[in-house]
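Handing you this structure, nothing more for now.
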Protein chains: 2
Amino acid sequence: MTNPHAPETNRSLPIALLRAREKVMGPIRAMLADVGVTEQQWRVLRVLDERGPLDPTEIADRSCLLLPSLTRILQTLEGKALVSRAAHPTDRRKQVVTITEDGQTLIADNLKESQRLNAWLRDSFGSEKLDALLDLLNELDQLDRPDGR
Amino acid sequence: MTNPHAPETNRSLPIALLRAREKVMGPIRAMLADVGVTEQQWRVLRVLDERGPLDPTEIADRSCLLLPSLTRILQTLEGKALVSRAAHPTDRRKQVVTITEDGQTLIADNLKESQRLNAWLRDSFGSEKLDALLDLLNELDQLDRPDGR
DNA sequence: GTAATATATTTAACATGTTAATGGAAAGAG
DNA sequence: CTCTTTCCATTAACATGTTAAATATATTAC
């Protein structure tokens, strides 16, 4: 059974986005499960690794997480000693989150496999189609919603 | 701030799918919140309304939900008297879930607004681009994953 | 017909999504 | 300077996502 889905739901954009995301994330989740981090924890670690120490609000924006979720994720990551937190030097409302050496090691150990999965996607789906898809998704993201939020 | 996202994350397919989904679902969620049902509960009700009584496994497949989630959702919907459940006539492992009149009324009362939001999307994004996007997403969904699952 | 296997659904446990409310700290208005 | 407002982060409460285990029933193999 290659495609068990009814034709009508194939034309529902929310469902199509859901299925596509599951297709892409499945293998990545499997890889991360072996290391003991979730997809969201991985996103946070990568942001911190790429951009250096950040405050939670900026982490949330860059990793597409809501702050309440991020709060819990940072607590988990701190418990695993993959990140550390310090008070902001001037603004005492903020804090500064930094990836630890253990965190950087975890990223380094799995980046190659992650890139291999990306390469698989680009190869099997086609480079032109992948770029076209990304362009369309980014265009869609820039629409103004009817309720203006 | 129209587009606060760093350029590199715009080329990450999982993130792009996440953002696009949020863009499309935001207004729908707002509409459903007024009625007191979640996005997932709405999907279940629509499937039952369109296809008639079904067993949980088929509902899960058609509404893109995992069975443990669906179990809880059906309990909630049954508590709200929007669906009813009965034993399967021949196979006692299965059950048959049916949408109630209240459930059908809820669908009818909100279908027009839902269609209005779909029309907004098609108008503002463009009919050709929307179809192209759906085609690409469906193609992506038919790839075989490298881990074969 | 019984044992082994497979299927349908539920439960459990933990993580995240989502909205609202809270508490503490900075910024602005007067 | 004080009052109000805004901002940052957390907590709370409830719903769902995800994987594994449990339960009950059906099917298959022998």
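From a predicted model like this one, the values you see are computed outputs, not experimental measurements. Numbers restart at 1 for each chain; the letters A, B, ... are given by sequence-line order, proteins then strands.
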Any side-chain heavy-atom pair from B:Leu17 and B:Leu137 closer than 4.5 angstrom?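 In short, these two side chains touch, coming nearer than 4.5 Å.
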Would you say A:Asn138's side chain and A:Leu134's backbone share a donor-acceptor pair under 3.5 angstrom? yes
Tell me the interatomic distance from B:Arg19, atom CZ, to C:dG17, atom C1', rounded to whole angstroms. 17 Å
Can you give each donor-acceptor pair under 3.5 Å made by side-chain atoms of residues 74-84 of chain A, sequence neighbours left out, with the distance rounded to 0.1 Å?
unit_1, atom_1, unit_2, atom_2, d
A:Thr76, OG1, A:Arg72, O, 3.1
A:Glu78, OE1, A:Arg85, NE, 3.2
A:Glu78, OE1, A:Arg85, NH2, 3.0
A:Lys80, NZ, A:Gly36, O, 2.7
A:Lys80, NZ, A:Gln41, OE1, 3.1

Treating B:Lys94 as the side-chain partner and B:Asp55 as the backbone partner, does any N or O pair qualify as donor plus acceptor under 3.5 Å?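 Not at all, since once roles are kept as given, no pair shorter than 3.5 Å links the two residues.
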Interatomic distance where CG belongs to A:Leu66 and C1' belongs to D:dT11 [whole Å]: 15 Å
Rounded to whole Å, please give me the gap between CH2 in A:Trp42 and P in C:dA15.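 Atom-to-atom, A:Trp42 to C:dA15, this comes out as 19 Å.
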In whole angstrom, give the distance that lies between atom CG of A:Asp34 and atom P of D:dT18. 17 Å
Can you check the A:Leu18 CG to C:dG17 C1' distance for me, whole Å?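 These atoms are roughly 13 Å apart.
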Could you write out each protein N or O paired with an N or O of nucleotides 8-10 of chain C at a distance under 3.5 Å?
unit_1, atom_1, unit_2, atom_2, d
C:dT9, OP1, B:Gln95, N, 3.4
C:dT9, OP2, B:Thr57, N, 3.0
C:dT9, OP2, B:Thr57, OG1, 2.2
C:dT9, O3', B:Gln95, NE2, 3.2
C:dT10, OP1, B:Arg85, NH1, 2.9
C:dT10, OP1, B:Gln95, NE2, 2.9
C:dT10, OP2, B:Thr71, OG1, 3.1

Closer than 4.0 Å, any side-chain N/O of A:Arg92 to the OP1 or OP2 of C:dA26? yes
Using a cut-off of 4.0 Å on non-hydrogen atoms, how would the nucleic acid contact of A:Thr38 be classed: base, sugar-phosphate, or nothing?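 Here A:Thr38 touches the backbone only, sparing every base.
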Can you list every salt bridge (Lys or Arg N to Asp or Glu O under 4.0 Å) pair that touches residues 117-126 of chain A, not counting sequence neighbours?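 The answer is A:Arg122-A:Asp131.
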Once you round it to whole Å, what is the distance between C1' of D:dC14 and CD1 of B:Ile73? 13 Å
Distance in angstrom units between A:Leu65 CG and D:dT16 P, rounded: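 Value for this atom pair: 20 Å.
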Is the side chain of B:Lys129 donor-acceptor paired with the backbone N or O of A:Leu136 at a distance under 3.5 Å, no angle test? no
A:Arg72 CZ - D:dA15 P separation (whole Å): 15 Å
